[in-house]
Amino acid sequence: MTQHDIALAVIGGTGVYRLADLQDVETRDLDTRFGKPSGPVRIGTLHGQRVAFLARHGEGHSVPPHQVNYRANLQALKDIGATRVLALNTVGGITERFGPRVLACPDQLIDYTWGRISTLCEEPGSDVLHVDFGDPYTHLLRQRILAAAASTGVALVDGGCYGATQGPRLETKAEIRRMLRDGCDLVGMTGMPEAGLARELGLDYACLAIVANWAAGCGTDEEITMEEVLANVAAASAGIPALVGALARG
Ligand code: HPA
């Protein structure tokens, strides 16, 4: 295998620990200049293309959002030659278009996280980078995701603002009301610093958000349970392998 034949790298979020349909899988336990990623990188073939997969929280969901080694995860994917990263992020829906089981490709984000290593600039000897982040997701990759969804008949909402919270607890209703006032449509715990680090690393990066529940106080007043989250992610994820296959080809 050459360094350049990874067509696409996929980072799976809560409820997505394997990429269904990935064939002839080779498992790599990698170490990077930032330490170890959350788990093994699995490289296989999907619809004729080489695709790499990494579970952001580890394959047994043992790493909480604020302790994910985002730098190591992205560096590991870069080290195997990936240049395009599709981030799967399980989220809550805040605004009307983003109800449970919706798939969305957000185009903006707001970062509410704190205390996470959010830049490469802290490395001794590294240059201070002020990367452009006005559009946090790579435009062309977003266009390709939307095209892949259209060609595979997977319903996907184009756009939306992802609010990244600290977690691991879910938000209060007042926090969600504030996020709504700020312009957020979706809420998740892992969108940052991942997107910013990807930009600093020069990786093409975009998010495919999987809506698992209504955010606190939105849509319904029911308590949010992990069972609901996982059941909705499983149901909403059915079209993802086909979409990823089409994206890797495109
Ligand atoms: N809030 C934050 N993160 C989430 C949620 C939520 O409601 N659902 C799934 N991930």
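Keep in mind the model is a prediction, meaning the values are calculated, not measured. Remember, it's 1-based here, ligands and their atoms both numbered in the order they're listed. Values below: every heavy atom of this structure, side chains too, minus hydrogens, waters and symmetry copies.
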Query - side-chain hydrogen bond (donor to acceptor under 3.5 Å, both in side chains) partners of residues 146-167, not counting sequence neighbours, each pair once - result: Arg116-Gln166, Arg142-Asp158, Thr165-Glu171
Requested in this report: Indicate the ring-plane relationship of Tyr17 and His61, choosing parallel, tilted or perpendicular according to the 30° and 60° boundaries.
Outcome: perpendicular
Query raised in the report: Where do Glu122 and Arg71 land on the salt bridge (Lys or Arg N to Asp or Glu O under 4.0 Å) test, with the steps shown first?
Result: CA-CA 11 Å; Glu122 292 178 4; Arg71 294 188 305 175; 5.2 Å; no
Query - Pairs flagged by side-chain hydrogen bond (donor to acceptor under 3.5 Å, both in side chains) wherever residues 231-246 is involved - sequence neighbours left out - result: Arg101-Asn232
Report task. Kindly state each residue pair satisfying salt bridge (Lys or Arg N to Asp or Glu O under 4.0 Å) with at least one member in residues 192-210, sequence neighbours excluded. Result -> Arg56-Glu194
Query - Spatial distance of atom CD (Glu222) from atom CH2 (Trp214) [nearest 0.5 Å] - result: 13.5 Å
Requested in this report: For ligand 1, list the protein residues that place a heavy atom within a distance below 4.0 Å of one of its atoms, sorted by chain and number.
Outcome: Thr90, Val91, Gly92, Leu170, Glu171, Val187, Gly188, Met189, Asn213
